[in-house]
2 protein chains.
Amino acid sequence: MPVKIAIVDDKASNRSIIKDKLLRHTIFEVSLTAENGKDFLDKMKILPLDKLPSVVLMDLEMPEMDGVDAVAAGSYLYPTVKFVMLTIFDDEEKIFKAIKAGAFGYLLKDESAENIAEVLIQMHENGVGPISPGIAHKILQLVQNNSISLIQKHIPEKDKTPFNLTEREQEILKLLVHGMQYKEIGNQLQISPNTAKKHVLNIYAKLHVNSKAQALALAYEKGLI
Amino acid sequence: MPVKIAIVDDKASNRSIIKDKLLRHTIFEVSLTAENGKDFLDKMKILPLDKLPSVVLMDLEMPEMDGVDAVAAGSYLYPTVKFVMLTIFDDEEKIFKAIKAGAFGYLLKDESAENIAEVLIQMHENGVGPISPGIAHKILQLVQNNSISLIQKHIPEKDKTPFNLTEREQEILKLLVHGMQYKEIGNQLQISPNTAKKHVLNIYAKLHVNSKAQALALAYEKGLI
DNA sequence: TTGCCTATAATCCATTTGGATAAGAAGGTA
DNA sequence: TACCTTCTTATCCAAATGGATTATAGGCAA
């Protein structure tokens, strides 16, 4: 099956250059192009499911909504889609923000414009996010400069089931936290939405809250997630 | 002039395999081999200056003195020497420690044993530290998991309003995150619940979500709060 | 001045929630 | 066996939410 790609760049010329390069390989199919983040998200919303791209090549600097925001929203709304930044910027701030926002890879145009296709094929084969050597090198330097630090997450671990939630309830809480509604939860777990709702209400009772929003707030605050 | 290399590995077989591979290219010259960190530092001390290696290929796990300690000491004593880790370990802790200690590159044996020579030539040409794609990918994930954080040396900078939310909208998002409903928000801000709702819907549009739960999830995940 | 953006407010309507309550099936336990 | 918990499903109803649209007022900029 073909690999579906989306291209987001404010310059029409860039879009067509990239598209041409990709289409030289028959594996690729360009299912969407957009000229900024907002345009991209709008078009994604009305895209038929079978056209959902598996990879999005995203420019960083764009009018209306830039690449960072687009990746932030997009990686949340479409968790299965891989976002690869393809840009000319290599300053630390931008790299860091983009990665933080959920970028799966980060390529510099001048380094890799020639062989985008090959890089994407590799990524498709070994599941490893593509990173330009220059970027990787910069990250290394950030670490060495103490600009970056490893945060040790101390997990209470021995925390017995919080609030006496049953296994099923915890499972459902996890989905709840992703903003799903009863229907979707039911779907996901292969149970009736009514059942999903019942579980959710049971969770409310145990957490002593009475709305999704409150449950999420508590879950996040107490680190139940 | 030739590129002088040092090879540090506790297994004699590894040393000779790597050495053979390098010597196939006439640019390389192996000026030193050692079987652990201590051995390496000792030999460096008595090495004539004109034999000083420009690159050290360093194994991580070794008896007596391991790669991390050797790099830490070596990169201090010989600042011009580039230390490249060449190992089979890819766990976060080790990667991070080695980089922190001053490693200039980090290669996984199984990924790049075949083309060590090419990678080193590239490094010599463009001055960029070599990193295996798998390692780069791991670092990316560390950043995304919030296990790593960028330490802001200066002021957090006027962090650009995320998603172009207006001040009022950010204010309302904060209340939203506490699980408040329209009525309560209106109450809190001394505005009509209708207005509160209008703001909330505007926020949804900007975040490209369509429920409180989703907005909260996004806000928490991306740290907008 | 005209136009744009923001904040404010309201209405209509469909959908989604939250709350209460009932009840069957499966599993473990006293 | 009788009892308890959990997971499952359902229905009724009221409240809250989401979506679309309209409208007014103030501030700011071309």
Side-chain angles (χ1 to χ4, degrees), chain A residues 36-38 41-46 63-66 69 73 76-77 160-219 224, chain B residues 158 160-219 224:
Chain A
N36 64 57
K38 192 171 177 316
L41 291 173
D42 288 346
K43 283 179 175 164
M44 282 290 276
K45 214 177 288 178
I46 56 172
E64 280 240 58
M65 181 188 278
D66 70 13
D69 283 354
Y76 171 72
L77 292 172
K160 55 176 185 259
T161 324
F163 292 95
N164 290 316
L165 295 183
T166 67
E167 261 186 57
R168 194 55 155 176
E169 283 162 359
Q170 290 184 66
E171 200 179 351
I172 282 173
L173 180 58
K174 272 181 204 152
L175 301 182
L176 212 55
V177 167
H178 286 305
M180 297 175 93
Q181 28 180 212
Y182 300 146
K183 252 189 231 169
E184 301 175 286
I185 295 176
N187 234 36
Q188 184 89 33
L189 300 182
Q190 300 285 26
I191 57 176
S192 150
N194 293 310
T195 307
K197 175 183 168 182
K198 182 62 185 137
H199 285 305
V200 170
L201 293 182
N202 286 339
I203 292 171
Y204 291 172
K206 289 187 179 176
L207 300 193
H208 296 274
V209 299
N210 45 24
S211 79
K212 270 187 199 179
Q214 279 182 36
L216 296 218
L218 198 114
L224 303 188
Chain B
K158 46 196 181 250
K160 127 185 168 262
T161 321
F163 292 96
N164 291 315
L165 294 185
T166 67
E167 263 185 55
R168 195 56 156 172
E169 283 162 357
Q170 290 183 67
E171 201 179 350
I172 283 172
L173 181 58
K174 271 180 205 151
L175 301 182
L176 213 55
V177 167
H178 288 307
M180 297 176 92
Q181 27 181 213
Y182 300 145
K183 251 189 232 170
E184 299 175 285
I185 295 175
N187 233 35
Q188 183 87 31
L189 299 181
Q190 299 288 21
I191 56 176
S192 149
N194 293 310
T195 306
K197 174 184 166 180
K198 180 64 185 140
H199 285 305
V200 170
L201 292 182
N202 286 339
I203 292 172
Y204 290 173
K206 288 187 180 176
L207 300 192
H208 292 268
V209 299
N210 44 26
S211 77
K212 269 188 200 180
Q214 277 182 39
L216 296 218
L218 188 72
L224 302 188

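Residue numbers begin at 1 in each chain, while the letters A, B, ... track the order of the sequences. These numbers come from a predicted model, not from an experiment.
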Distance (rounded to the nearest 0.5 Å) between [X] [atom1] and [Y] [atom2]:
| X | Y | atom1 | atom2 | answer |
| --- | --- | --- | --- | --- |
| Leu173(B) | Leu218(B) | CG | CG | 9.0 Å |
| Thr166(B) | His199(B) | OG1 | NE2 | 7.0 Å |
| Leu216(B) | Gln214(A) | CG | CD | 11.0 Å |
| Asp69(A) | Leu41(A) | CG | CG | 9.5 Å |
| Leu189(B) | Thr195(B) | CG | OG1 | 10.0 Å |

Separation of [X] atom [atom1] from [N] atom [atom2], in whole Å?
| X | N | atom1 | atom2 | answer |
| --- | --- | --- | --- | --- |
| Ile191(B) | dT6(C) | CD1 | P | 16 Å |
| Leu176(A) | dT16(C) | CG | P | 16 Å |
| Asn202(A) | dT6(D) | CG | P | 9 Å |
| Gln214(A) | dG18(C) | CD | P | 9 Å |
| Glu171(A) | dT8(D) | CD | C1' | 14 Å |
| Ile203(B) | dG19(D) | CD1 | P | 13 Å |
| Asn164(B) | dT6(C) | CG | C1' | 14 Å |

Report the residues that fulfil side-chain contact (heavy atoms from CB on, under 4.5 Å) with Lys198(B), sequence neighbours left out, ordered by chain and then residue number. Asn202(B)
side-chain contact (heavy atoms from CB on, under 4.5 Å) with Ala217(A): which residues, sequence neighbours excluded?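 Ala217(A) satisfies side-chain contact (heavy atoms from CB on, under 4.5 Å) with Tyr220(B) only.
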Output a table of donor-acceptor pairs, distance under 3.5 Å, between side-chain atoms of residues 176-185 of chain A and any protein atom two or more places apart or on a different chain; print 'none' if there are none.
unit_1: Glu184(A); atom_1: OE1; unit_2: Gln181(A); atom_2: N; d: 2.9

Between the protein and nucleotides 19-29 of chain C, which nitrogen or oxygen pairs are less than 3.5 angstrom apart?
unit_1: dG19(C); atom_1: O6; unit_2: Lys197(A); atom_2: NZ; d: 2.6

What is the minimum heavy-atom distance between Leu175(A) and Gln188(A), and which atoms define it? CD1-CG, 3.9 Å
Grab the two heavy atoms, one from Ala196(A) and one from Gly186(A), that are nearest each other, plus how far apart they are. CB-N, 4.0 Å
Who passes salt bridge (Lys or Arg N to Asp or Glu O under 4.0 Å) against Lys197(A), sequence neighbours left out?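 Checked Lys197(A) against salt bridge (Lys or Arg N to Asp or Glu O under 4.0 Å); zero matches.
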Of all the choices, dG18(C), dT8(D), dT11(D), which nucleotide is nearest to the side chain of His199(A) once you look at every atom? dT8(D)
Taking five pairs at each terminus, the helix from dT1(C)-dA30(D) to dA30(C)-dT1(D) shows an axis bend, to 10°, of 40°
Does [N] have OP1 or OP2 under 4.0 Å away from a side-chain N or O of [X]?
| X | N | value |
| --- | --- | --- |
| Ser192(A) | dA10(D) | yes |
| Lys212(A) | dT17(C) | yes |
| Thr195(A) | dT8(D) | no |
| Asn194(B) | dA10(C) | yes |

Of the residues in residues 178-190 of chain B, which ones touch DNA chain D at a heavy-atom distance under 4.0 Å?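 Under 4.0 Å from DNA chain D: Gln181(B), Tyr182(B), Lys183(B).
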Residues that Asn187(B) engages under side chain to side chain donor-acceptor pair (under 3.5 Å), provided they are two or more places apart: none
For Glu171(A), side chain to side chain donor-acceptor pair (under 3.5 Å) partners two or more places apart: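 Here the qualifying residues are Arg168(A).
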Suppose the criterion is salt bridge (Lys or Arg N to Asp or Glu O under 4.0 Å): which pairs have a residue in residues 199-208 of chain B, not counting sequence neighbours?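 Salt bridge (Lys or Arg N to Asp or Glu O under 4.0 Å) check on residues 199-208 of chain B returns Glu169(B)-Lys206(B).
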Dump every N/O contact between nucleotides 24-30 of chain D and the protein below 3.5 Å, one line per pair.
none

